[in-house]
Number of protein chains: 2
Amino acid sequence: MEIPVTNIPLFKGCALAEVEDLLSSVVFQRKKFTAGSLIVSQGEVCDRLLILTEGKVVGEMTSPTGKSLKIEEMEAPMVLASAFLFGKQNKFPVSVTALTHASFMVFQRNDLMKMFRLNPRVLSNFLSMISSRAQFLSEKLRFHSFKSLKAKVAFYLTGEAGTQKKFKLKHSQEEMAELFGVARPSVGRIFLQLQNENIIDIRYKNVTIKNFDKLAELCNH
Amino acid sequence: MEIPVTNIPLFKGCALAEVEDLLSSVVFQRKKFTAGSLIVSQGEVCDRLLILTEGKVVGEMTSPTGKSLKIEEMEAPMVLASAFLFGKQNKFPVSVTALTHASFMVFQRNDLMKMFRLNPRVLSNFLSMISSRAQFLSEKLRFHSFKSLKAKVAFYLTGEAGTQKKFKLKHSQEEMAELFGVARPSVGRIFLQLQNENIIDIRYKNVTIKNFDKLAELCNH
DNA sequence: CTCAAGATGTCACATTTGTTACAATCAATT
DNA sequence: AATTGATTGTAACAAATGTGACATCTTGAG
């Protein structure tokens with residue numbers, strides 16, 4: 001079940017021989033965990049890169065009294081906490097536990113840096129991964145910066161529409177609700193309102209924008 | 001008014017001679033803009049790193065009909081859009097305009113990569129910058145992931161308290177309101193509720209936590 | 001084509017949060 | 001110690017969003 005190394009995002013675009021060559025010139029460990037075992041504890045110093053090559057894990061935050069707060073599942077292939085290896089705060093903000101049998105490749109920071117030197121593509125991949133994550137977070141945060149749900153939806157719709165009047169929604173209302181951080185019927189309600197105000201025509205995933213200007217206007221309130 | 005190169009985050013920890021040596025071995029441009037002029041347009045391809053070395057600029061998004069949506073001010077020394085040079089989506093998401101007279105150093109991606117090769121500290125600084133940004137965004141987003149304002153405040157308070165029972169708030173209610181993405185009186189209202197429920201004692205910035213368990217409990221709802 | 005599972009439209013009602021406003025208190029400077 | 005500007009406490013009311021429920025429609029598997 002172990003994924004091939006060329007599928008690991010960090011080694012994307014590299015030939016198998018190239019990766020094997022690279023891996024033979026640095027030190028790293030392979031670690032295996034059984035389902036249910038603790039992989040890293042919240043607060044532990046993050047001085048190594050963990051690449052999940054097999055299995056599924058879950059990250060959760062624990063409050064001072066030991067209650068778990070927030071959960072995020074991750075599946076191979078995945079790099080864990082790449083932002084915490086180099087950032088100012090280099091402690092894991094979450095505990096990570098194996099959900100299934102899980103395998104990791106573990107690189108110390110120095111060895112990772114050495115790989116960057118030896119192979120510019122690996123560096124480029126790492127930069128791309130971490131940048132994409134920042135972009136993803138940034139985009140998600142943008143939605144929260146709008147004042148009302150109507151503004152969020154309006155912004156989303158103008159973005160999805162691009163220059164077209166008619167288009168199909170990529171996401172379900174459920175997914176949009178999650179993206180906007182609201183309940184599902186609230187999204188539906190906004191669509192209903194926009195319909196009644198004659199700004200869009202929506203029937204399931206088929207959207208026609210009837211008044212582009214008004215829609216853009218709504219982004220501001 | 002131009003800041004010294006050793007103050008630029010990208011060159012932090014480097015000696016002046018070291019930076020000058022480095023800069024002499026790569027190609028880069030210095031660009032100056034007068035107040036009010038457009039520096040980059042939204043949607044423009046981001047293939048270069050912009051380091052603001054003097055002045056103040058503003059980033060704003062424009063909707064399809066040309067209304068400006070969101071504003072973020074930036075002051076020297078500052079690196080612009082570092083996440084967009086390497087991420088998947090490498091177009092500027094905002095337009096940037098000079099607020100005052102502004103100076104930049106401009107590096108093409110290849111030259112930046114060359115500097116990474118020549119000087120590991122520069123690479124390390126860049127990784128740190130971009131990682132810290134991801135961390136910052138992540139932290140900010142965490143607050144939005146709580147269901148209610150009460151949960152956000154409870155989480156914030158447990159974090160600020162650490163292991164102490166009595167402490168002083170670092171932020172004003174205004175700042176907290178901004179962090180949580182709500183109106184200022186809403187924050188005050190929650191404090192009032194927590195007070196009435198005998199969970200905390202708060203008088204202006206002086207907080208005493210009277211029931212740690214209940215506070216932790218609240219983080220979950 | 002049929003059917004079941006999932007997605008959507010929509011409602012009534014409960015909660016939460018925003019808005020506006022003003023008085024009380026603090027903090028810093030004189 | 002007094003004054004002033006910023007912060008905080010608090011209220012009433014308006015508006016937005018959550019909740020739960022249900023009927024209806026779409027879509028994809030068979």
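Sequence lines set the chain letters: A, B, ... in the order given, protein chains first and strands last, and positions in each chain run from 1. Being a predicted model, the structure only gives us computed values, none of them experimental. As a basis for the values below, the full set of heavy atoms in this structure was taken, side chains included, without hydrogen atoms, waters or symmetry mates.
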Would you mind reading off the distance between [X] atom [atom1] and [N] atom [atom2], rounded to a whole angstrom?
X        : N      : atom1 : atom2 : answer
A/Lys170 : C/dA7  : NZ    : P     : 18 Å
A/Glu174 : C/dA5  : CD    : C1'   : 14 Å
A/Lys150 : D/dA16 : NZ    : C1'   : 11 Å
B/Glu178 : D/dT7  : CD    : P     : 13 Å
A/Tyr204 : C/dT10 : OH    : C1'   : 11 Å

At under 4.0 Å between heavy atoms, what does A/Lys205 touch on the DNA or RNA strands: base, sugar-phosphate, or nothing? sugar-phosphate
Can a donor-acceptor pair be found, under 3.5 Å and without considering hydrogens, that links the side chain of [X] to the backbone of [Y]?
X        : Y        : answer
B/Arg121 : B/Gly13  : yes
A/Gln135 : B/Gln89  : yes
A/Ser132 : A/Ser128 : yes

Please verify the inter-ring angle class for B/Phe143 with B/Tyr156; under 30° counts as parallel, over 60° as perpendicular, anything in between as tilted. tilted
Kindly calculate the angle separating the two end axes of the helix from C/dC1-D/dG30 to C/dT30-D/dA1, each obtained from five base pairs, and round it to 10 degrees. 60°
Residues from residues 183-203 of chain B sitting under 4.0 Å of DNA chain C, heavy atoms only? B/Ala183, B/Arg184, B/Pro185, B/Ser186, B/Arg189, B/Arg203
Considering only side-chain heavy atoms of A/Lys168, which listed nucleotide, D/dT17, D/dT27, C/dT8, is closest? D/dT27
Walk me through whether A/Phe33 and A/Phe104 qualify under ring pair (Phe, Tyr, Trp, His ring centres under 6.0 Å). CA-CA 8 Å; A/Phe33 296 87; A/Phe104 286 90; 5.7 Å; yes
Closest contact, heavy atoms only, A/Ile3 versus A/Pro77: CD1-CB, 3.1 Å
Taking only Lys NZ, Arg NE, NH1 and NH2, and the carboxylate oxygens of Asp or Glu, determine whether B/Glu139 and B/Arg142 approach each other closer than 4.0 Å. yes
With sequence neighbours left out, write down each residue that passes side chain to side chain contact (heavy atoms under 4.5 Å, CB included) with B/Lys12, or none if nothing qualifies.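 Here the qualifying residues are B/Asn125.
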B/Lys147 or B/Gln173, whichever maps to the more 5' nucleotide of DNA chain D: B/Gln173
Measuring only between side-chain heavy atoms, which start at C-beta, is B/Met78 closer than 4.5 Å to B/Val57?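 Sidechains of B/Val57 and B/Met78: no contact.
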